[in-house]
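Predicted, not measured: the structure shown is a model, and the values here were computed from it. Note that ligands are numbered from 1 as they come in the structure, with each ligand's atoms numbered from 1 the same way.
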Amino acid sequence: MKYDYLVVGAGLYGAVFAHEAMQKGKKVLVVDKRPHIAGNIYTEDVDGIRVHRYGAHIFHTSDRRVWEYVNRFAEFNNYINSPIARYHDELYNLPFNMNTFSKMWGIATPDEAKKIIRDQIADLNITEPKNLEEQALSLVGRDVYEKLIKGYTEKQWGRPCTELPAFIIRRLPLRFVYDNNYFNDRYQGIPIGGYTQIVEKLLAGADVRLACDFLKNREALSSMADRILYTGQIDQYYDYRLGVLEYRSVRFETEELDTDNFQGNAVVNYTAREVPYTRIIEHKHFEFGKQDHTIISREYSSEWKKGDEPYYPVNNARNNALYEEYRKLAEGETRVRFGGRLGAYKYYDMDKVIAAALAFCDDELK
Ligand code: UDP
């Protein structure tokens with residue numbers, strides 16, 4: 001055995017583990033089927049602009065240990081995420097807050113906003129929201145639901161809001177103050193110079209093989225290390241023998257434009273059902289870029305099928321139960337462990353990935 005650990009997947013979870021294992025004197029080999037490191041937080045420098053290749057990544061956390069950890073590998077700027085929602089030609093602030101309500105209804109005070117919401121849902125008698133539609137209506141009323149939630153959510157998830165779980169919308173803050181900060185977390189920012197450097201530094205000292213598909217070289221690679229951390233799709237590892245876990249996938253159309261400022265904000269959500277994409281990201285604004293050109297990505301949501309990039313786990317009852325079966329199978333492994341978004345079939349924010357990876361290190365490297 002040449003290595004103590006084989007880490008399958010050079011994303012954030014695998015890289016944190018590889019780093020911590022090396023700190024303990026372990027020899028680590030990291031493989032990834034993509035031609036680059038950093039998984040979905042990969043940022044690529046294109047004409048001086050860091051392009052978030054796999055969608056907008058904004059680091060936010062309330063976990064001081066995680067914040068201090070990640071700051072060891074990059075300096076963060078003071079970017080605060082304040083997306084704009086565009087419904088036809090109407091523009092609103094997100095998350096739903098007094099700026100949104102005052103623009104929607106021409107009102108000024110929290111009491112006025114709350115009264116309008118109450119009046120809009122009075123006849124619905126929602127006590128315990130059964131699905132995303134009921135949850136959204138009971139939180140923000142009919143106007144905000146129809147203009148800013150319904151179309152966007154149905155595009156993103158490809159299902160009617162009445163068939164989606166309520167918890168999805170609970171990710172999105174709602175407040176009755178004039179505050180456009182999308183996140184409630186204490187710490188927030190974008191690493192100056194992009195995310196890839198963080199993973200590069202985490203992996204320093206490890207052997208890394210890119211464009212190397214573990215599942216196509218399973219035996220040879222497995223024989224090179226004592227233990228394996230697998231951060232790919234858990235069902236694929238088992239050849240889908242119990243069934244296929246579902247995901248939503250995303251496709252990006254990226255374009256360089258000969259203007260210095262296309263939309264005036266990093267993130268603009270297109271909430272109307274008729275617009276085929278869900279949002280447009282203008283990458284330079286994450287780092288307050290001053291270039292005379294710009295790069296934008298239109299984001300299209302699609303149903304995942306084998307071979308596509310898996311993005312969002314569809315955590316409904318059927319899939320969660322199936323994942324549980326795979327997890328039991330994984331528990332029986334003696335030298336392979338699973339983790340990360342795909343290994344745990346969980347929609348993790350980056351800070352949660354780091355926290356989960358550090359907890360895994362405590363257990364695995366004790
Ligand atoms: N959402 C919405 N309108 C918006 C933005 C978000 O209805 O303009 C809802 C939608 O259901 C979405 C959820 O909030 O699935 C979470 O969105 P967020 O943008 O936070 O998720 P991300 O895709 O960025 O992880």
Side-chain angles (χ1 to χ4, degrees), residues 12 40-41 52 54-61 79-88 90-97 99-101 103-104 129 131-175 180-185 188 190 246-252 263 265-275 277-281 283 286 297-304 309-316 341 346-353:
L12 189 54
N40 279 6
I41 66 171
H52 293 214
Y54 301 91
H57 282 79
I58 299 137
F59 200 95
H60 57 97
T61 189
Y79 176 84
I80 296 286
N81 196 34
S82 315
I84 298 290
R86 181 165 182 164
Y87 178 74
H88 302 300
E90 300 170 31
L91 297 177
Y92 296 96
N93 289 108
L94 289 176
F96 309 125
N97 73 87
N99 289 306
T100 326
F101 305 139
K103 179 107 181 236
M104 183 81 60
N131 53 49
L132 194 150
E133 175 168 292
E134 291 192 0
Q135 175 75 65
L137 283 169
S138 61
L139 289 172
V140 292
R142 189 159 290 285
D143 291 340
V144 176
Y145 173 67
E146 299 283 349
K147 289 187 172 178
L148 302 183
I149 298 178
K150 190 171 191 294
Y152 186 93
T153 301
E154 298 195 349
K155 280 193 284 190
Q156 161 134 13
W157 295 97
R159 293 159 176 72
C161 288
T162 47
E163 289 172 23
L164 285 164
F167 77 84
I168 292 178
I169 199 78
R170 286 189 218 119
R171 272 175 66 80
L172 226 168
L174 160 73
R175 39 177 105 98
N180 296 327
N181 183 348
Y182 198 66
F183 300 112
N184 284 322
D185 284 318
Q188 184 173 176
I190 301 278
E246 293 172 297
Y247 289 88
R248 291 295 291 173
S249 193
V250 180
R251 182 171 59 82
F252 298 98
Q263 63 183 13
N265 205 34
V267 183
V268 177
N269 290 2
Y270 284 77
T271 58
R273 192 73 192 82
E274 298 75 30
V275 180
Y277 39 86
T278 50
R279 45 190 169 191
I280 299 183
I281 305 302
H283 301 270
F286 288 123
S297 297
R298 290 189 178 79
E299 189 172 327
Y300 297 83
S301 180
S302 63
E303 196 71 34
W304 172 88
E309 291 289 352
Y311 278 86
Y312 299 89
V314 180
N315 287 110
N316 57 23
R341 180 176 49 100
K346 214 167 157 189
Y347 186 47
Y348 274 139
D349 286 335
M350 289 176 281
D351 63 324
K352 303 292 185 305
V353 171

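Of all the heavy atoms of L148, the ones lying under 4.0 Å from any atom of ligand 1 belong exclusively to the backbone.
Nearest protein heavy-atom neighbour of atom 11 (O) of ligand 1: T153 OG1, 2.7 Å. If you check which protein heavy atom lies closest to atom 5 (C) of ligand 1, you get N269 ND2, 3.2 Å. Remark: minimum distance from atom 20 (O) of ligand 1 to any protein heavy atom is reached at Y182 OH, 2.9 Å. Atom 1 (N) of ligand 1 has L172 CD1, 3.3 Å as its closest protein atom, hydrogens excluded (heavy atom only). The nearest heavy-atom contact from the protein to atom 16 (C) of ligand 1 is R171 NE, 4.0 Å. In this structure, the protein non-hydrogen atom closest to atom 25 (O) of ligand 1 is Y347 OH, 2.3 Å. The nearest protein atom to atom 2 (C) of ligand 1, hydrogens excluded, is given as Y152 CD2, 3.5 Å; this is a heavy-atom distance. Nearest non-hydrogen protein atom to atom 23 (O) of ligand 1 is Y312 OH, 2.5 Å.
Taking every non-hydrogen atom of W157 and a distance limit under 4.0 Å, the qualifying atoms of ligand 1 come out as 15 (O). Against a heavy-atom cut-off of under 4.0 Å, T271 is close to the following atoms of ligand 1: 8 (O). Near I149, meaning under 4.0 Å from one of its heavy atoms, ligand 1 places the atoms 7 (O). Heavy-atom contacts of L94 reach the following atoms of ligand 1: 8 (O) (cutoff under 4.0 Å).
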Check: F167 and N315: side chain to side chain contact (heavy atoms under 4.5 Å, CB included), yes or no, with the steps?
Finding: CA-CA 10 Å; F167 77 84; N315 287 110; 4.2 Å; yes

Next item on the list: Determine, step by step, whether H60 and D349 satisfy the side chain to side chain contact (heavy atoms under 4.5 Å, CB included) criterion, reporting the C-alpha distance in whole Å, the side-chain angles of both residues, the deciding distance to 0.1 Å, and the verdict.
Entry: CA-CA 8 Å; H60 57 97; D349 286 335; 3.6 Å; yes

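Applying ring-ring contact (aromatic ring centres under 6.0 Å, His included) to Y312 and the options W157, Y348, W304, Y247 leaves one that passes, W157. Each of N316, I169, V314, T153 was compared with L164 under the side chain to side chain contact (heavy atoms under 4.5 Å, CB included) criterion, and only T153 meets it.
Across every non-hydrogen atom of L137 and R142, the tightest pair is CD2-CA, 3.7 Å. In terms of heavy atoms, K147 sits closest to Y92 at NZ-OH, 3.8 Å.
Ring-plane geometry between F286 and Y79 is classed as perpendicular, the angle between the planes exceeding 60 degrees on a 0 to 90 degree scale with a lower cut at 30. Ring geometry, Y311 versus F252: the interplanar angle exceeds 60°, so the pair is classed perpendicular (tilted spans 30 to 60°).
Using a 4.0 angstrom heavy-atom cutoff, R279 counts as in contact with ligand 1.
Across D349, T278, V267, I168, heavy-atom proximity to atom 13 (C) of ligand 1 is greatest for I168.
The residues R159 and E154 are annotated as not salt-bridged, no charged nitrogen and carboxylate oxygen being separated by less than 4.0 angstrom.
There is no side-chain donor-acceptor pair under 3.5 Å between R248 and Q156.
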